[in-house]
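As structure tokens, the structure follows; a few thoughts come after it.
Counting convention: from 1, in listed order, for ligands and their atoms alike. As the structure is a computational prediction, the values presented were derived from the model and not from experiment.
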Amino acid sequence: MEKLIDKLTAAVSEAFAQAGYDPACGKVTVSNRPDLCEFQCNGAMPAAKAAHKAPIVIAGEVAARLQDSAVFSSAEAVNPGFLNLRLREDYLAAHVEEMRRSERPGVAGNAEERTVVLDYGGPNVAKPLHIGHLRSAIIGESIKRIYRYFGNTVIGDIHLGDWGLQMGLIIAELRERQPDLPYFDDDFTGEYPVEAPFTISELEEIYPTASAKSKTDEVFAKKAHEATCFLQNHKRGYYALWQHIMAVSVADLKRNYENLNVSFDVWKGESDAEAYIPPMLEKLEARGILQESEGARVIPVAEEGDKKEIPPCILVKSDGATLYATTDLATIVQRMEDYHPDKILYLTDKRQSLHFEQVFRAAKKSGIVPESTQLQHIGFGTMNGKDGKPFKTRSGGVMRLETLIADITDYVEKKILENQTLSPEEARQTARIIAVAALKYGDLSNLAAKDYIFDLERFSAFEGNTGPYLLYTIVRIKSILSRYDGDPAELSIAAADSTEAKALQLELAQMPDQLAMAYRDSAPNTVCAYAYELAGAVNKFYHETRILTEPDPVRRQGYVALITFAKRALEECIDLLGFSAPERM
Ligand code: ARG
């Protein structure tokens, strides 16, 4: 399906050509003065230079050729040489109807067919899933959906932090608490128990305790370090314990992400990169890519023209230990082998941007990744409380995601119950749906790189630039359509008969342009901004129009077709954002 703006450009280009000018001057854009016109073309200025004529003369000649056009209801030349354009209502309606009949109204042109690995979520096992990882999950899920909408094959990998010292800390602490467990008995040769010796809540208590202890207790810190080494060498009992920690944590994570409407295709983690490290280092060593620096093995990655110093990428420390960068580089090796991706996209806090710059350069320099494979890091800001500092619970602790969602749900539930339209059961379910929309939209509507303030009341408001407002708009259309007896699929969008109907159709026609921008920039906030505008156009239309009570059947049917499509467009947008609308609210 061709975009409206491209069709308009073709029509104006033809008029330029007919008048004897370069058709390339016929580029049409959405008007930046909607009070004066709907679209505009500024091509008479460059055409005037080439023809040595006044721009207004050329604009006049082109406008003359656009009179009686099947596309424009008015084409006006205004000083100093602009072309102000308005569309014919029947032409616009036919275009929007064509969109409505297409499978993906938000995509013009061919599907992209890249294979993309999306590294997002990135929670650390055995630590509670808190809002520090919330943004990665929310933004990543949306980007995944946007990429898929445009035809790409996306492999979403959670990339768990499941290896290293944090595991050693837990094992060392367990050993102190329950020394008699078979996992710590070197002579034990039997089968280990199937049940984990801890629950998720215990596990979540063990880690912070152990971590705090290691900071004051040197002996314990040493034990934790040893436990980490034993685990990394796959010492039988330790490895079995690690598997328990993984199983218990992953089950809990899955439940949490499900509540948030976030899902991953692959649940790999740092531990999966381990096996790739020795052969990778060997190859890099053999090819002379590793250099020695104060006893460490590094890849220098500074480049000419760097504006700030980019330190070498350290892969092996002087004590032989490998680092975060080593794991990430080895993970790239694994991903290249498994998926041959055209692109790998990472979503983390922007404080990790130097790390990724180093890893990406190292990957390219060492040929682990060919030049044609894109490596991109999207760094986001933090979610702050109203005090402008990173968000905390009322008691000052790190907020758990579960608690956060429950808090928003409670708040929304109270509001819905006040309206008294839903049963308590439906109210709870609906509140959950709205809470997810409030939280996600509150996050996604900001430019990712910026910090934002979590504001429960504002995010959950049913009016204003919020997720619940979009849901409310969709629910409103659903309610009208539920009272329409007939099949909207059999109807067609009719020529607009009011400013509001035309404005809504023009807004719908923008969908492919807006979504293409969101895709190009990996920017869910562009989807939010568009959905908000669209919802505004729907509500204006709704307030100005009798829809079901319109006596003229042709008009009524045209309205029903129009709002049916508006509902679908809004639903596709919120699906790209990773939430959905309830039936009623
Ligand atoms: N687990 C890491 C953290 O909590 C995030 C992982 C991001 N992905 C990656 N490939 N490094 O900071």
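- A side chain to side chain contact (heavy atoms under 4.5 Å, CB included) with Leu444 is found for exactly one of Asn525, Ile139, Leu576, Val527, namely Ile139.
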* To do: Check the pair Tyr324 / His355 against ring pair (Phe, Tyr, Trp, His ring centres under 6.0 Å), numbers first and verdict last.
  => CA-CA 9 Å; Tyr324 190 41; His355 160 77; 4.2 Å; yes

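- For ligand 1, the polar-atom distance check finds no N/O of His355 at less than 3.5 Å from any of the ligand's N/O atoms.
- Using a 4.0 Å cut-off between charged nitrogen and carboxylate oxygen, Arg177 and Glu173 count as a salt-bridge pair.
- Between the side chains of Tyr183 and Arg236, no donor-acceptor pair of N or O atoms lies under 3.5 Å.
- Summary of contacts: the protein heavy atom closest to atom 10 (N) of ligand 1 is Asp328 OD1, 2.7 Å.
- Remark: ligand 1 atoms within the under-4.0 Å shell around heavy atoms of His133 are 3 (C), 4 (O).
- Annotation: Glu270 places no N or O atom under 3.5 Å from an N or O atom of ligand 1; distance criterion only.
- Scanning the protein for heavy atoms near atom 12 (O) of ligand 1, the closest one is Gln352 NE2, 2.9 Å.
- Each of the atoms 1 (N), 2 (C), 3 (C), 4 (O) of ligand 1 lies under 4.0 Å from some heavy atom of Asn124.
- No side-chain heavy atom of Lys343 sits less than 4.5 Å from a side-chain heavy atom of Leu375.
- Inclusion of Thr348 in the set of residues having an N or O under 3.5 Å from an N or O of ligand 1 is not warranted.
- The pair Arg104-Glu572 fails the salt-bridge criterion, with no side-chain N (NZ, NE, NH1 or NH2) lying under 4.0 Å from an Asp/Glu carboxylate O.
- Atoms of ligand 1 lying under 4.0 Å from any heavy atom of Asp119, numbered from 1 in the order shown and given with element: 7 (C), 8 (N), 9 (C), 10 (N).
- Taking every non-hydrogen atom of Gly122 and a distance limit under 4.0 Å, the qualifying atoms of ligand 1 come out as 1 (N), 2 (C), 3 (C), 4 (O), 5 (C).
- Proximity annotation for atom 6 (C) of ligand 1: of Phe356, Tyr324, Tyr346, Tyr120, Tyr324 comes nearest, heavy atoms only.
- Tyr519 and Asn152 are linked by a side-chain donor-acceptor pair at a separation below 3.5 angstrom, with hydrogens and angles left out of the test.
- By the 3.5 Å distance cut-off applied to N or O atoms, Gly161 is not counted among the residues near ligand 1.
- Looking at Arg135, its side chain does come within 3.5 Å of a backbone N or O of Gly381 through a donor-acceptor pair.
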